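Structure first, commentary second.
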Amino acid sequence: MSQPVQPPNQPQQPFGGQPVDGNPYAGQPGQPSPAAPTGNPYGQQPPAPTGNPYGQQPPAPTGNPFAGQQPGQGAPFGGGAPFAPAPPAPPARNNILLGVLVALGAAVVAGILYGVIAGSIEREVGYAAVGVGFLVGFAASKVGGSNPAVVGAAAVFSIGAVYLGQLVGISMVLSDIAQIPFSEVIGDHFDTVTEAWSQEADFMTYLFLALGAAAAVGGAKKAG
C-alpha cells in the first residue's frame, strides 16, 4: 500500500517564531515587542547657533578714524604727535658791522653813478643826491636793522657819496676841457680836482650834501 508523502519538515525558526509583517524587530510569541526608536538616537542636541557665534562685534569704522582723538593724545599706533616742520629761520638782522659795511659799499657805488650823471650833463641834480642817500640808508638798514649806529653810518656815508659824486663830475668836466684821460685827472691831478670843488662850492653844493644825509635816514626808516 502506498503511504502519502509527508511534506518536508519546515525549517524551524531559531527564535521560535516568524517575523510579523516583515518587521525584524517584531516581538516573539510571549514576549513584548520593543518600541521602535523615536527622536534623536544620540540624545538631545543644543540648538544650532544663530547670529554671530563670536558675540557682538563693534560696528565698522566710518568717516575719519582719528576724529575722536582729542588734542594731546598720542597717535593710534603709539607714535607721538605728527611731525611739524620747523619754521624758517628769520633773515639775519641787527648785525651792526654788516650793516655798516653794506652802507659803505652802497655809498661808493651810488656816489660813482651820481658823478657820472653830473659829469655827463655838467650840472648837479637834487633828485639824484636824494636818491643816493635813500639807497644807502635803505640797504644798510635792510641788512643791519634800525640800530642807531647803522642809521648814523648810513647818513655819514651818504654825505661822502654825494661828495664823491661831485668830485667825479668835476673830473669828467676837466678831462673834457684839458683833453686828457679821466684816469689821469683822478690819479695825477686829484689836488686840482679838490681845489676846483672848493672854488665852485656854493649853497646848493652843501644843500645836496644835506639832502643825501636826510634821505639816508628816511631810507633806513623805510627799510626798518
Side-chain angles (χ1 to χ4, degrees), residues 71 80-175 182-224:
F83 174 76
R93 296 294 301 272
N94 298 326
N95 191 328
I96 299 177
L97 179 60
L98 184 59
V100 172
L101 293 177
V102 170
L104 178 59
V108 173
V109 174
I112 294 174
L113 293 177
Y114 175 68
V116 171
I117 295 174
S120 299
I121 62 177
E122 297 185 359
R123 69 178 58 187
E124 295 185 78
V125 180
Y127 291 109
V130 171
V132 169
F134 184 87
L135 177 62
V136 174
F138 186 87
S141 183
K142 197 68 175 179
V143 176
S146 57
N147 191 287
V150 175
V151 178
V156 173
F157 290 152
S158 295
I159 295 175
V162 175
Y163 175 70
L164 175 62
Q166 292 173 348
L167 294 180
V168 171
I170 294 175
S171 299
M172 292 180 62
V173 173
L174 293 178
S175 176
F182 173 80
S183 59
E184 183 178 345
V185 174
I186 292 294
D188 298 337
H189 306 284
F190 186 74
D191 53 344
T192 304
V193 173
T194 56
E195 183 179 355
W197 181 88
S198 299
Q199 294 177 356
E200 297 292 334
D202 56 6
F203 173 78
M204 296 301 297
T205 301
Y206 295 104
L207 177 62
F208 290 154
L209 296 177
L211 288 176
V217 176
K221 293 181 178 180
K222 187 69 174 179

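Everything numeric in this text was worked out from a predicted model, so none of it was measured. FYI, the numbering just counts along the sequence from 1.
- The side-chain contact (heavy atoms from CB on, under 4.5 Å) search around Phe182 returns Val168, Ser171, Met172, Ser175, Ile186, not counting sequence neighbours.
- Between Ala103 and Ala154 the shortest heavy-atom distance is CB-CA, 4.2 Å.
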With a 3.5 Å cut-off and sequence neighbours excluded, list the donor-acceptor pairs that the side chains of residues 208-224 form with protein atoms.
none

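- Every residue two or more places apart in sequence or in another chain that forms a side-chain contact (heavy atoms from CB on, under 4.5 Å) with Val125 is listed here: Ile121, Tyr127, Ala128.
- Here the options are Val109, Leu135, Val162, the test is side-chain contact (heavy atoms from CB on, under 4.5 Å), and the partner is Tyr114; only Val162 passes.
- Taking every heavy atom of both residues into account, Val132 and Ala161 meet most closely at CG1-CB, 3.5 Å.
- Nearest heavy atoms, Val150 versus Ser141: CG1-N, 4.2 Å.
- Here the side chains of Phe157 and Val100 are in contact, with some heavy-atom distance below 4.5 Å.
- The nearest pair of heavy atoms linking Ser158 to Gly133 is OG-CA, 3.5 Å.
- Rounding to the nearest 0.5 Å places CG of Leu113 at 6.5 Å from CD1 of Ile117.
- Residues meeting the side chain to side chain donor-acceptor pair (under 3.5 Å) test with Thr205, sequence neighbours left out: Asp202.
- Taking CG of Leu174 as the reference point, atom CG of Leu167 lies at 10.5 Å (rounded to 0.5 Å).
- Every residue two or more places apart in sequence or in another chain that forms a side-chain contact (heavy atoms from CB on, under 4.5 Å) with Glu184 is listed here: Ile180, Pro181, Asp188, His189.
- Residue pairs meeting the side-chain hydrogen bond (donor to acceptor under 3.5 Å, both in side chains) criterion with at least one member in residues 160-169, sequence neighbours excluded: Glu124-Gln166, Gln166-Trp197.
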